[in-house]
S.K.: 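One structure, pasted below without further comment.
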Number of protein chains: 2
Amino acid sequence: MSKQELVVLGQSDENGACCPGLVTAPLDEDQAAELAKLFKALGDPVRLRLLSLIASRAGGEVCVCDLTPAFDLSQPTISHHLKLLRQAGLIDCERRGTWVYYWALPATLDRLAAFLETSQTAEATA
Amino acid sequence: MSKQELVVLGQSDENGACCPGLVTAPLDEDQAAELAKLFKALGDPVRLRLLSLIASRAGGEVCVCDLTPAFDLSQPTISHHLKLLRQAGLIDCERRGTWVYYWALPATLDRLAAFLETSQTAEATA
DNA sequence: GGCTTGGATTGATGCCTGTCGATGCAACCT
DNA sequence: AGGTTGCATCGACAGGCATCAATCCAAGCC
């Protein structure tokens, strides 16, 4: 059948869409290594909560001073986790005067979501 | 809009849909811990490749004997990774005569995908 | 200038985890 | 029964990682 023909679509690899989708085709080592980095960044309860705190924020931005007290951890530890999330491309930040603000990067999240989706909802109308 | 109304649906917590979605609301510690376990399972290149090999298989099943030679790793190591994927609920297996066959569990993958999706595509018609 | 406060960085420490060789176990085959 | 093959388990080891106290830097304030 043409099943294998279809898959080739999504993997342009140029814009960051990356990777054909988990169900679509086996990953090569490079793709797997890159995606693993992202999932590893999500593989910690503290980072997940941090990310959800940031991503669910109405204004789209959160000051670190609002994040730290939400955890029973030291300030350096929170800072460390934020750094990992940022290095993974899941969030970004900016210093604005005294405070540092973080926000989520939806593109990375959606990319991972698309990768995991098994029922390829062919929403790619483009 | 009714955006926030829609999301509440999926979080029944009874069937495994779990968790309101990353962008929707902050996670509590239990939700974060449970999801982190899943993402941690995905946070390794070898496991990602294993999962993609299994999930993309036409028949839906793969014999371990087909998986092991695809890696430059010892057989116990592959077995170890398969065990972790299975404990995470991402795959399951069955011994059939001499060989053991693995298959993917799409429900878990779709659940994670739905959790990560930022643009809640309200596809939950059910 | 000094002081204070918000965050990031550093270094150290203990745990977790990926890997392997060796072994065990189950199923097939003489 | 004995031998062989496919996988899982065990024990050990090395590297990675989460955490903290101490420190440092930047920005505001006196």
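What you see below is based on every heavy atom in this structure, not just the backbone, and it leaves out hydrogens, waters and symmetry mates. Below, read A as the first sequence line, B as the second, and so on, with proteins coming before strands; counting in each chain starts at 1.
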S.K.: Any idea which heavy atoms bring A:Leu35 and B:Leu48 closest together, and the distance?
M.R.: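 Closest approach of A:Leu35 to B:Leu48, heavy atoms only: CB-CD1, 3.5 Å.
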S.K.: Remaining members of B:Trp99's ILVMFWY cluster at a side-chain heavy-atom cut-off under 4.5 Å?
M.R.: B:Tyr101
S.K.: Send over the distance from A:Glu94 CD to D:dA26 P, rounded to a whole Å.
M.R.: 17 Å
S.K.: For residues 79-93 of chain B, dump all side-chain donor-acceptor pairs below 3.5 Å to protein atoms at least two apart in sequence or in another chain.
M.R.:
{"residue": "B:His81", "atom": "ND1", "partner": "B:Arg47", "partner atom": "NH1", "Å": "3.0"}

S.K.: From the 5' end of DNA chain C to its 3' end, which nucleotides mark the outer limits of contact with chain B, defined by a 4.0 Å heavy-atom distance cut-off (strictly under)?
M.R.: C:dT17 to C:dC28
S.K.: Would you jot down, in residue-number order, the residues of residues 37-45 of chain B having a non-hydrogen atom under 4.0 Å from DNA chain D?
M.R.: none
S.K.: For a quick test of reading the model, state the closest non-hydrogen atom pair linking A:Arg49 to A:Ser52 and the distance between them.
M.R.: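 Here A:Arg49 and A:Ser52 meet closest at O-OG, 2.9 Å.
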S.K.: With side-chain contact (heavy atoms from CB on, under 4.5 Å) as the criterion, how do A:Leu38 and A:Phe115 come out once you've worked through the C-alpha distance, each side chain's angles and the decisive distance to 0.1 Å?
M.R.: CA-CA 12 Å; A:Leu38 286 173; A:Phe115 170 74; over 6 Å; no
S.K.: Determine whether A:Val62 and A:Leu53 satisfy the following criterion, side-chain contact (heavy atoms from CB on, under 4.5 Å), listing intermediate values before the conclusion.
M.R.: CA-CA 8 Å; A:Val62 194; A:Leu53 279 170; 5.8 Å; no
S.K.: Is B:Arg111 reaching over with its side chain to a backbone N or O of B:Ala113, donor-acceptor style, under 3.5 angstrom?
M.R.: no
S.K.: Can you name the side-chain hydrogen bond (donor to acceptor under 3.5 Å, both in side chains) partners of A:Glu29, sequence neighbours left out?
M.R.: none
S.K.: Any base atoms under 4.0 Å from A:Leu67, or only sugar-phosphate, or nothing? Heavy atoms, all strands.
M.R.: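 Nothing, no nucleic acid heavy atom in range.
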S.K.: How many Å lie between CD on A:Gln87 and P on D:dC17, as a whole number?
M.R.: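 Atom-to-atom, A:Gln87 to D:dC17, this comes out as 11 Å.
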S.K.: Between the protein and nucleotides 3-13 of chain D, which nitrogen or oxygen pairs are less than 3.5 angstrom apart?
M.R.:
{"residue": "D:dC7", "atom": "OP1", "partner": "B:Cys65", "partner atom": "N", "Å": "3.2"}
{"residue": "D:dC7", "atom": "OP2", "partner": "B:Cys65", "partner atom": "N", "Å": "3.1"}
{"residue": "D:dA8", "atom": "OP1", "partner": "B:Tyr102", "partner atom": "OH", "Å": "2.6"}
{"residue": "D:dA8", "atom": "OP2", "partner": "B:Ser79", "partner atom": "OG", "Å": "2.7"}
{"residue": "D:dA8", "atom": "O5'", "partner": "B:Ser79", "partner atom": "OG", "Å": "3.3"}
{"residue": "D:dA8", "atom": "N7", "partner": "B:Gln75", "partner atom": "NE2", "Å": "2.7"}
{"residue": "D:dA8", "atom": "N6", "partner": "B:Gln75", "partner atom": "OE1", "Å": "3.3"}

S.K.: Would you list the atom pairs, donor with acceptor, under 3.5 Å between side chains in residues 64-76 of chain B and any protein atom, with sequence neighbours excluded?
M.R.:
{"residue": "B:Asp66", "atom": "OD2", "partner": "B:Arg57", "partner atom": "NH2", "Å": "3.3"}
{"residue": "B:Thr68", "atom": "OG1", "partner": "B:Val64", "partner atom": "O", "Å": "3.2"}
{"residue": "B:Ser74", "atom": "OG", "partner": "B:Thr77", "partner atom": "N", "Å": "3.4"}
{"residue": "B:Ser74", "atom": "OG", "partner": "B:Thr77", "partner atom": "OG1", "Å": "2.9"}

S.K.: Tell me every residue that passes side-chain hydrogen bond (donor to acceptor under 3.5 Å, both in side chains) with B:Asp110, counting only those two or more places apart in sequence or in another chain.
M.R.: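 side-chain hydrogen bond (donor to acceptor under 3.5 Å, both in side chains) list for B:Asp110, sorted by chain: A:Thr118.
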S.K.: Scan B:Arg47 against the nucleic acid and name what it touches under 4.0 Å (heavy atoms): base, sugar-phosphate only, or nothing.
M.R.: sugar-phosphate
